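Below, all heavy atoms of this structure are taken into account, side chains as well, without hydrogens, waters or symmetry copies. It should be emphasised that the depicted structure is a prediction, and the values quoted were computed from it without experimental measurement.
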Amino acid sequence: VRMLIPELESRDAEVAVSELQMISHTSVPKDFDTFKAACNRRLRRQLSKAQKNFTDDEIQDITTGQTFQDGLDTLIALHQSRWNRMGFPGLFENPVFADLQHDLLPHMLERGWLWLKLIKKEEAPVAARLGFQFNGHFYDYITGFDTDAPCSKHGPGTALMIDMLEDAIECGGKSLDLLRGDESFKM
């Protein structure tokens, strides 16, 4: 954040920092079953539903140049569409934010710090999740999903969150940080 704020300000972005924002953070468990067992019944049901409805074949790992650009474009389209439908501009409406992402993310990809996955059902993208991984820590950053897709009620965003946690477990990660906010999907 110490490096990001001056970069945003140099691009004439208005930056306001609040110290009262909730941050959701968890240590990475030894396995997913251990994590799931520690969750309340309602959350366990949501996790099981998402696992049942989205297979590994439907989750695409986006880690190469052109595939990354296509994946990022899909994430942006899904994110913007959802927020616009709710009457909000969406983060990528701001050209400073959009330019920063397009400038910064390819460099993070080159260094292996980027985590981007999509879910497609019948070749149509229904959800995308972008995060970062650095020094054993995973950070969930931004999502997008198609609320009109028939499978949207089955938790595609949750399925991608599970996949991020499983990736953190697989590589011996230390933590998963859902960043600021108190949205209901933040476990």
Side-chain angles (χ1 to χ4, degrees), residues 1-25 59-120 123-149 152 156-161 163-165 167-168 171 173 175-186:
V1 171
R2 287 189 309 257
M3 294 168 44
L4 184 59
I5 291 173
E7 178 65 24
L8 289 170
E9 290 173 336
S10 75
R11 294 172 182 242
D12 296 325
E14 292 181 31
V15 178
V17 179
S18 170
E19 294 187 32
L20 298 176
Q21 297 178 354
M22 182 178 166
I23 297 178
S24 301
H25 175 90
I59 298 176
Q60 297 181 344
D61 189 357
I62 309 298
T63 55
T64 62
Q66 186 55 46
T67 305
F68 164 72
Q69 192 55 56
D70 293 343
L72 181 60
D73 291 345
T74 299
L75 168 71
I76 292 169
L78 290 169
H79 175 85
Q80 288 301 117
S81 175
R82 176 174 177 250
W83 285 98
N84 291 167
R85 199 172 296 124
M86 293 187 307
F88 297 102
L91 292 172
F92 294 93
E93 186 75 20
N94 180 330
V96 174
F97 180 84
D99 289 347
L100 178 67
Q101 305 311 304
H102 282 98
D103 291 348
L104 182 65
L105 295 177
H107 297 289
M108 295 182 81
L109 177 69
E110 289 171 8
R111 289 166 178 78
W113 298 345
L114 206 62
W115 189 98
L116 175 60
K117 293 197 180 183
L118 306 176
I119 290 182
K120 288 187 174 185
E123 298 304 312
V126 295
R129 177 166 242 118
L130 173 67
F132 311 114
Q133 57 189 47
F134 181 74
N135 201 22
H137 303 279
F138 282 68
Y139 305 89
D140 183 41
Y141 182 55
I142 196 166
T143 62
F145 63 93
D146 181 358
T147 55
D148 291 334
S152 68
T158 301
L160 289 172
M161 178 61 67
D163 209 63
M164 180 181 274
L165 180 58
D167 284 353
C171 75
S175 69
L176 174 59
D177 193 327
L178 303 179
L179 302 178
R180 70 175 180 84
D182 60 357
E183 291 86 351
S184 62
F185 74 87
K186 295 186 176 182

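- No side-chain donor-acceptor contact under 3.5 Å links Asn94 to the backbone of Ala98.
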inquiry  = Under the criterion side chain to side chain contact (heavy atoms under 4.5 Å, CB included), I'd like the reasoning laid out for Leu114 against Tyr141: C-alpha separation, chi angles, the key distance, then a yes or no.
reply    = CA-CA 10 Å; Leu114 206 62; Tyr141 182 55; over 6 Å; no
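- The existence of a salt bridge linking Lys117 and Asp167 is confirmed by a sub-4.0 Å separation between a basic side-chain nitrogen and an acidic carboxylate oxygen.
- Separation of atoms CD (Gln60) and CG (Leu116) is listed at 10.0 Å; rounding is to 0.5 Å.
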task = May I have the step-by-step check of side chain to side chain contact (heavy atoms under 4.5 Å, CB included) for Leu178 and Leu176, ending in yes or no?
result = CA-CA 7 Å; Leu178 303 179; Leu176 174 59; 4.1 Å; yes
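- Atom CG of Asp163 sits about 8.0 Å away from atom CG of Asp61, to the nearest 0.5 Å.
- The structure places CG of Asp177 at 12.5 Å from CZ of Phe138, a figure rounded to the nearest 0.5 Å.
- Among residues two or more places apart in sequence or in another chain, the salt bridge (Lys or Arg N to Asp or Glu O under 4.0 Å) test is passed with Asp146 by none.
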key: Step-by-step side chain to side chain contact (heavy atoms under 4.5 Å, CB included) determination, Leu105 to Phe68   = CA-CA 9 Å; Leu105 295 177; Phe68 164 72; 3.7 Å; yes
task = Show your reasoning for whether side chain to side chain contact (heavy atoms under 4.5 Å, CB included) applies to Met108 and Gln133.
result = CA-CA 9 Å; Met108 295 182 81; Gln133 57 189 47; over 6 Å; no
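- Taken from OG1 in Thr158 to CG in Leu165, the straight-line distance is 12.0 Å, to the nearest 0.5 Å.
- Scanning all heavy atoms of the two residues, the minimum distance from Thr67 to Ile62 falls at O-CG2, 3.1 Å.
- The nearest pair of heavy atoms linking Ala128 to Leu118 is CB-CD2, 3.2 Å.
- Contact record, Ile119 with Ala159: CD1-CB, 3.8 Å, taken as the closest heavy-atom pair.
- Contact between Trp83 and Gly90 at its shortest, heavy atoms only, is CB-CA, 3.7 Å.
- Side chain of Arg129 to backbone of Gly157: a donor-acceptor contact under 3.5 angstrom is found.
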Would you be so kind as to tabulate the donor-acceptor pairs closer than 3.5 Å made by side chains of residues 74-81, with sequence neighbours excluded?
from  : atom 1 : to     : atom 2 : distance (Å)
Thr74 : OG1    : Asp70  : O      : 3.0
His79 : ND1    : Thr143 : O      : 3.0
His79 : NE2    : Leu91  : N      : 3.2
Gln80 : OE1    : Leu91  : N      : 3.4
Gln80 : OE1    : Phe92  : N      : 2.8
Gln80 : NE2    : Pro89  : O      : 2.7
Ser81 : OG     : Arg85  : NH2    : 2.8

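- A ring-centre distance under 6.0 Å is not found for Phe132 and Trp113.
- Listed by chain and residue number, nothing satisfies the salt bridge (Lys or Arg N to Asp or Glu O under 4.0 Å) test with Lys120 (two or more places apart in sequence, or in another chain).
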